[in-house]
Structure formats: C-alpha cells, structure tokens
Amino acid sequence: MIGSSVPTLKVWSYVFSGVGILTMLLGFLGCLGSLKEIKCLLGFYFAFLLLLFSAQITIGVLVYTQRNSLSTRLGTIVESVIKDYGLYANQTDLEEGWDFAQEKMQCCGWYTPDDWMKNQKIQNTSVSLYPCSCRNVSAFHTNSSANSSTEFPEAKAGFCTTGAREKWPVYQTGCMNTLQAFLLNNSITIVGVCIGIALLELFVMTLSMCLCRNLDQNYNKLARYS
C-alpha cells in the first residue's frame, strides 16, 4: 500500500508543528539577545535565519525545476489511493486527505472522474457506486428529480449509490486541472507573499548582524542571565 512508503498527513502536521515551535523559540532567543545584549544569541539567531532562508531558496528552485516530475509522482500516488480506496474497514490517512481535497476543491479523480473506474471495489460490485466526496449537489438533484423518493446522502466519505453507472452525480473536473487553475489564478499573490517573506527575513538578518557587530564583546553577560 502506498501509505506505507509515503509520509502521512498526520506526520506532516507534526513536522510543521515542530518547525513552528522551533521558530518561535529561536525568535524568543533573538529578542532576548537584543534586549540583554548577548552577542552569541544574536549570532545564533542570524545563523538560523540564514539556514532557513537558504532552505527556502533551495526548495523553491527544486520545486520549479522538478515540477513535471513532482506532478507525475503526485498523480501516481493519487491513482494508487483511488485504486485501493475502500478496501479496508478503516480509512487510511491518505484516503481521508483525498476525500477532503475532492470535497473542498469540488473535483473528482486526478485527471477525470473516470479515474475512479479503476477502483477495485467499484469494479467488483454489481451496485453502481461513486465516491461521496465527489458528489455534486446540483447534479444529484437533477438526476434524482425523476424519483422523488431518492434521499440526499449525507456521507462525505466512502461510497454512495446511484441508479445509473453512466451518470454519476459528481464534479466533472479532475483535481489536477482544478489545482493548476488555482495556482495560475493566484500566482501573483503567491509570488508576492514569498517575496515579502524573503525580504522580511533579509531585513531581520541584517538587523541582527548590525546589532551583533555594534555590541561590546562581553560574553560574561550570558553567564549573568543564564
């Protein structure tokens, strides 16, 4: 199962939480170094910001240069999740994440909704199933208008049933196209935020280095405040 080789959403949430806590801690040390005039703390704060800035530049360059490979790799992962979706009693983290992505982005499948026809559970059942997270409310009411007894399913995960296999009441746009359209429509905002963060980091690095150079080289202060 692909979930055993790919970090889960929970793991990434722990990683980002750890990075956030570390950043807050080092920010506190930078403030303490400037207020108490401790040069080694300011130098440590500058080194951390320089490392963070370098890592961000490196990641940005790698993502841009390897964007085609990343898109292909992501598509392979999503197709594997779709293929094995619903085979186990409990949902995996990747399945929950994919349900959330389809529901919020209002899309279905990676390329097209037909990607779900490769799902093993859909292929091996006589009942017409479709993923609940793909459900298009407008299409559902249109398809069920002829049958007034049809109830709107409340489930947002797993599979729902429909009368016609050829007419799933789902979104007709693949999530890859939806994601690309979102990035394209918000490219100016994304680039602006990245440039703003980079300039802020450069300003803080310059300020910390200026403070560090202008302070007297007195390391006894560190022992006094420790």
Side-chain angles (χ1 to χ4, degrees), residues 1-27 45-87 91-120 131 133-134 170-206:
M1 181 73 180
I2 190 104
S4 60
S5 59
V6 180
T8 62
L9 297 177
K10 289 183 179 180
V11 172
W12 280 113
S13 67
Y14 295 149
V15 171
F16 288 134
S17 297
V19 171
I21 293 173
L22 180 61
T23 303
M24 291 180 61
L25 176 61
L26 291 174
Y45 182 64
F46 171 82
F48 170 75
L49 284 180
L50 181 60
L51 179 64
L52 181 62
F53 182 77
S54 301
Q56 290 172 342
I57 295 296
T58 303
I59 292 173
V61 172
L62 288 176
V63 169
Y64 181 78
T65 56
Q66 302 295 324
R67 59 188 183 278
N68 293 330
S69 299
L70 290 174
S71 178
T72 302
R73 175 59 177 164
L74 183 59
T76 302
I77 294 173
V78 171
E79 287 179 339
S80 298
V81 174
I82 290 176
K83 181 181 178 181
D84 298 330
Y85 185 95
L87 295 181
Q91 276 195 319
T92 64
D93 294 330
L94 287 175
E95 289 176 350
E96 291 180 0
W98 186 239
D99 279 335
F100 179 82
Q102 289 189 136
E103 180 188 356
K104 295 303 179 183
M105 292 195 298
Q106 297 184 349
C107 56
C108 192
W110 181 243
Y111 299 105
T112 66
D114 292 337
D115 293 340
W116 280 97
M117 296 303 296
K118 302 175 184 178
N119 178 265
Q120 298 184 46
S133 57
C134 283
V170 298
Y171 298 106
Q172 298 302 310
T173 305
C175 292
M176 183 185 72
N177 295 330
T178 302
L179 181 60
Q180 289 177 343
F182 172 81
L183 294 176
L184 182 62
N185 294 334
N186 297 275
S187 58
I188 296 178
T189 302
I190 295 173
V191 172
V193 170
C194 293
I195 292 176
I197 293 175
L199 292 176
L200 179 61
E201 290 177 347
L202 288 174
F203 171 75
V204 175
M205 281 193 294
T206 303

Donor-acceptor pair, [X] side chain versus [Y] backbone, under 3.5 Å?
| X | Y | answer |
| --- | --- | --- |
| S187 | L184 | yes |
| Q172 | V170 | yes |
| D115 | W110 | yes |
| T58 | S54 | yes |

Practice task
For T178 and Q106, run side-chain contact (heavy atoms from CB on, under 4.5 Å): C-alpha distance rounded to whole Å, both residues' side-chain angles, the deciding distance at 0.1 Å, then the answer.
Solution key: CA-CA 8 Å; T178 302; Q106 297 184 349; over 6 Å; no
Exercise for the section: Provide the closest heavy-atom pair for G109 versus W116 in the form atom of the first, atom of the second, distance. Expected result: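 Closest approach of G109 to W116: N-NE1, 3.5 Å.
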Problem - Test log, rule side-chain contact (heavy atoms from CB on, under 4.5 Å), inputs F203 and L199 - result: CA-CA 6 Å; F203 171 75; L199 292 176; over 6 Å; no
Exercise for the section: Tell me, with the steps shown, if V78 and M176 meet side-chain contact (heavy atoms from CB on, under 4.5 Å). Expected result: CA-CA 10 Å; V78 171; M176 183 185 72; over 6 Å; no
Exercise for the section: Going by the side chain to side chain donor-acceptor pair (under 3.5 Å) test, name the single residue among Q91, K118, E95, Q120 that passes it with Y85. Expected result: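 Among the candidates, only Q91 passes.
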Practice task
Taking the two cysteines C108 and C175, decide whether their SG atoms are closer than 2.5 angstrom.
Solution key: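 No, C108 does not link to C175 through a disulfide.
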What's the spacing between [X] [atom1] and [Y] [atom2] if we round to 0.5 Å?
| X | Y | atom1 | atom2 | result |
| --- | --- | --- | --- | --- |
| I190 | N185 | CD1 | CG | 10.0 Å |
| L52 | F48 | CG | CZ | 5.0 Å |
| L26 | L49 | CG | CG | 8.0 Å |
| T72 | I77 | OG1 | CD1 | 11.0 Å |
| L50 | M205 | CG | CE | 5.5 Å |
| C134 | M105 | SG | CE | 10.0 Å |

Problem - Partner of F100 by side-chain contact (heavy atoms from CB on, under 4.5 Å), out of Q102, E96, K104 - result: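 Considering Q102, E96, K104, a side-chain contact (heavy atoms from CB on, under 4.5 Å) with F100 is found only for K104.
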Exercise for the section: May I ask you to test the Q56-I59 pair for a side-chain heavy-atom distance under 4.5 Å? Expected result: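 A side-chain contact is absent here, since even the closest heavy-atom pair is not under 4.5 Å.
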Practice task
Taking atom CD1 of I188 as the centre, report whether more than 12 heavy atoms of other residues, nucleotides or ligands fall under 6.0 Å from it.
Solution key: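 Not more than 12 within 6.0 Å, no.
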